[in-house]
Amino acid sequence: MPHAVAGPFPAGINYSAGQLDPTACRLSPAPAGTIRPVRRSYYDPSSAPGKGVVWEVPTVPVKNLTGSSPVNPALAGITGILMSAAGLPVCLTRPPKLVLHPPPVSKSDIQAIPGISHTCRKTTKKQAKKGKTPEEVLKKYLQKVRHPPDEDCTICMERLSAPSGYKGPQPAVKPDLVGKLAKCGHVFHLHCLVAMYNNGNKDGSLQCPTCKTIYGVKTGTQPPGKMEYHIIPHALPGHSDCKTIRIIYNIPPGVQGPEHPNPGKSFTARGFPRHCYLPDSEKGRKVLKLLLVAWDRRLIFAIGTSSTTGESDTVIWNEIHHKTEFGSNLTGHGYPDGNYLDNVLAELAAQGITEESLAQEKD
Ligand SMILES: [Zn+2]
Ligand SMILES: [Zn+2]
């Protein structure tokens, strides 16, 4: 696809993009205001630097869940166009390179994180002790409602003044009893709350289905595995003032337990060990401490269907985002990302994990 090139060239000669422009090495300035034709979205391995094409990067689909990550490839492409408009005959923008891993780190370079004991933990307690009936669990979080408000129960969609419309296995409570959750004040049929509790992992906690307020300590269904964490002597983009905390998760494949989607069926575990990175700053260390709580509560991973591959019965991330790209941000899971630490703190809080949880965990 040849382009006619405007500028100080012999009339009647067209220079094709991709061919060496004979005037390029002379660096004669183009007349002011001339915008050179460039080939957009062009990426050809043979068009190496120096061959006279504006080297635009292919657009990398960026899954940006938080809306905070800068989309670098697009910016790089724009820079290339702006530079070519400045009148230089040959302007190249290097395609951003995916840098997933830090430079090699020897064992002696790895340090424990001050203030955080150990550098590794395995899955600790399997699950919070059971033994309490759902009714006993719920009683702690509920207040009695004598006169139900004239509203729908958002679990069964029947009026609260009418009996519960829940049709599944019948819990041992009367279908017309109504309870109010103590902290958030949302009102449901008791019957519906018990049914909801029985459908979950029955860990002694309850989450309001309307506003997500957590009662008790929420735990997840993360399968057994290992979490390692230590400092490596390299800095992340955007955090040049500190070293880096590296987290290595390792979860082997196995068989699903009663708390998983398909009990007794095997599950796969792809891409382990998974390496993740945090800046070794004060805030980064705080995030790590809360991630350790999340790990102990089995909330980092779950078993389900992968949103990237569509594979079911596999280990997936569970709503707490991790940065798996060390030196670039082409996937949206890298650095720099100025909002990441705040975003992950909010995601941890949504799972009931805050600074108060650190004190709670000690007892
Ligand atoms: Zn109901
Ligand atoms: Zn609520």
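Just follow the structure's listing: the first ligand is 1, and inside any ligand the first atom is 1. By convention here, the first residue in the shown sequence is residue 1.
- The angle Cys156:SG - the Zn ion (ligand 1) - Cys153:SG amounts to 110°, with values rounded to 10 degrees.
- Considering just the N/O/S atoms of His186, the one nearest the Zn ion (ligand 2) carries the name ND1.
- As for His189, its N/O/S atom nearest the Zn ion (ligand 1) is the one called ND1.
- Aromatic ring pairs are classed by plane angle as parallel below 30°, tilted from 30° to 60° and perpendicular above 60°; the pair His234 and Phe326 is perpendicular.
- Using bins of under 30°, 30° to 60° and over 60° for the plane-to-plane angle, the ring pair Tyr249/Phe301 lands in the perpendicular bin.
- Taking 4.0 Å as the cut-off between side-chain N and carboxylate O, Arg298 and Glu259 count as a salt-bridged pair.
- Taking the centre and axis of the six-membered ring of Tyr340, the NZ or CZ atom of Lys323 falls inside the cone set by 45° and 6.0 Å.
- The Zn ion (ligand 2) forms the vertex of an angle spanning SG of Cys211 and SG of Cys208; to the nearest 10 degrees it equals 110°.
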Evaluation steps, side chain to side chain donor-acceptor pair (under 3.5 Å), between His230 and Gln111 = CA-CA 6 Å; His230 49 242; Gln111 292 168 27; over 6 Å; no

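- The Zn ion (ligand 1) has no N, O or S atom of His191 under 2.8 Å away, backbone or side chain.
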